Asker: 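One structure, as structure tokens, below. Some questions next.
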Amino acid sequence: EDVTEEEYNEFYKSISKDYLDPLAYTHFNAEGEIEFKSILFLPKKAPFDMMDNYWTKKSEVKLFVRRVLVAEKFDELLPRYLNFVRGVVDSDDLPLNVSREQLQQNKIMKVISKKLVRKVLELMKKLA
């Protein structure tokens, strides 16, 4: 059941279309009031257009509900200053048959977002 470092690197390259291995990653299951699984990656190099379109660029985290892709680039998951983070989030608690606008107002999304931000900042703190 253990995932090797090489498998994480290959997965990162497949979702990010990057040729380099990630700098760091975190793979976790959040449990409690809301349950979701997530793998988040920090790229080795900052995206070349990171500051060019800061206000228009969407987060590169893919959102899945019960293993069905709901949103390719969902800007409500992470704040703008973390838009270089890549990864996937899979939640069983979100409804499948809703529009993106309804998802953005969803309370569950706010909780997921808060936990993702905390995990990314913990990962960056470990690197520092």
Side-chain angles (χ1 to χ4, degrees):
E1 167 100 32
D2 287 345
V3 183
T4 66
E5 189 85 24
E6 186 61 34
E7 289 170 324
Y8 278 115
N9 292 343
E10 289 304 313
F11 182 68
Y12 168 73
K13 289 174 183 174
S14 72
I15 63 165
S16 69
K17 297 170 184 61
D18 195 351
Y19 62 94
L20 294 170
D21 289 341
L23 177 65
Y25 62 87
T26 178
H27 184 179
F28 63 95
N29 292 339
E31 293 169 350
E33 56 190 309
I34 290 162
E35 293 186 20
F36 67 92
K37 299 175 200 71
S38 179
I39 305 177
L40 298 173
F41 297 95
L42 296 179
K44 253 187 193 146
K45 285 176 129 178
F48 65 93
D49 62 345
M50 188 171 147
M51 291 303 168
D52 295 344
N53 48 14
Y54 181 78
W55 296 105
T56 55
K57 189 170 195 268
K58 295 197 184 322
S59 171
E60 297 277 338
V61 177
K62 295 174 170 54
L63 177 64
F64 290 80
V65 175
R66 296 183 204 102
R67 291 171 193 73
V68 175
L69 181 63
V70 173
E72 187 84 25
K73 295 183 176 183
F74 197 69
D75 43 342
E76 294 296 312
L77 276 173
L78 289 173
R80 248 186 213 104
Y81 63 88
L82 292 175
N83 70 5
F84 58 89
V85 175
R86 306 280 188 264
V88 294
V89 175
D90 182 26
S91 172
D92 290 342
D93 295 337
L94 288 167
L96 255 176
N97 58 348
V98 292
S99 67
R100 289 178 185 207
E101 292 76 34
Q102 285 175 308
L103 269 180
Q104 288 173 347
Q105 267 80 56
N106 197 319
K107 193 184 94 187
I108 296 171
M109 285 304 301
K110 288 182 176 50
V111 174
I112 289 175
S113 175
K114 202 165 91 176
K115 289 184 179 180
L116 289 178
V117 169
R118 189 177 311 133
K119 284 289 183 184
V120 170
L121 294 178
E122 281 173 13
L123 183 61
M124 293 170 97
K125 193 174 174 185
K126 258 195 268 176
L127 288 172

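Only this structure's heavy atoms are used, side chains among them; waters, hydrogens and symmetry mates stay out. Everything numeric in this text was worked out from a predicted model, so none of it was measured. Numbers here simply count residues along the sequence, with the first being 1.
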Asker: Find out if a path of hydrophobic residues (ILVMFWY) with successive side-chain heavy-atom gaps under 4.5 Å connects Phe84 to Tyr19.
Answerer: no

Asker: Are side-chain heavy atoms of Val117 and Tyr81 found at a separation under 4.5 Å?
Answerer: yes

Asker: Could you pull out all residues at least two apart from Tyr25 that satisfy side-chain contact (heavy atoms from CB on, under 4.5 Å)?
Answerer: Glu5, Tyr8, Phe41

Asker: Any chance you could measure Lys119, atom NZ, to Leu78, atom CG, to the nearest 0.5 Å?
Answerer: 14.0 Å

Asker: Please name all residues satisfying side-chain contact (heavy atoms from CB on, under 4.5 Å) with Leu123, sequence neighbours left out, ordered by chain then number.
Answerer: Ala24, Thr26, Leu42

Asker: Going by side-chain contact (heavy atoms from CB on, under 4.5 Å), name the residues that satisfy it together with Ser14, two or more places apart in sequence or in a different chain.
Answerer: Phe11

Asker: Would you list the pairs meeting salt bridge (Lys or Arg N to Asp or Glu O under 4.0 Å) in which at least one residue belongs to residues 11-33, sequence neighbours left out?
Answerer: Lys13-Asp21

Asker: Check for a donor-acceptor pair, side chain of Ser38 on one end and backbone N or O of Val88 on the other, with a separation under 3.5 Å.
Answerer: yes

Asker: Is there a side-chain contact between Phe28 and Leu40 (heavy atoms, below 4.5 Å)?
Answerer: yes

Asker: Could you check Leu116, Val65, Ile108, Asp92 and say which one makes a side chain to side chain contact (heavy atoms under 4.5 Å, CB included) with Phe36?
Answerer: Leu116

Asker: Say whether, by atom type as modelled, one donor and one acceptor occur between the side chain of Ser16 and the main chain of Tyr12 under 3.5 angstrom.
Answerer: yes

Asker: Just do the side-chain contact (heavy atoms from CB on, under 4.5 Å) check on Leu127 and Leu23 with the steps written out, would you?
Answerer: CA-CA 9 Å; Leu127 288 172; Leu23 177 65; 3.9 Å; yes

Asker: So which heavy atom on Lys44 is nearest to which on Leu20, and how close?
Answerer: CB-CD1, 4.2 Å

Asker: Is the shortest heavy-atom distance from the side chain of Lys37 to the side chain of Val89 under 4.5 Å?
Answerer: no

Asker: Whether the side chain of Asp90 engages the backbone of Arg66 through a donor-acceptor N/O pair (distance < 3.5 Å, no angle test) should be reported.
Answerer: yes

Asker: Do any N or O atoms from the side chain of Glu10 and from the backbone of Glu7 form a donor-acceptor pair under 3.5 angstrom?
Answerer: no

Asker: Suppose we screen for salt bridge (Lys or Arg N to Asp or Glu O under 4.0 Å). Which residues come up paired with Lys115, at least two apart in sequence or across chains?
Answerer: none

Asker: Under a 4.5 Å cut-off applied to non-hydrogen side-chain atoms, are Glu35 and Asp93 in contact?
Answerer: yes

Asker: Looking only at non-hydrogen atoms, find the nearest pair between Leu77 and Val61 and report the distance.
Answerer: CD1-CG1, 3.7 Å

Asker: Mind checking side-chain contact (heavy atoms from CB on, under 4.5 Å) for Leu69 and listing every partner two or more places apart, or none if nothing turns up?
Answerer: Lys62, Phe64, Glu72

Asker: Which pair of non-hydrogen atoms, one from Leu82 and one from Met124, has the smallest distance, and what is that distance?
Answerer: CD2-SD, 4.3 Å

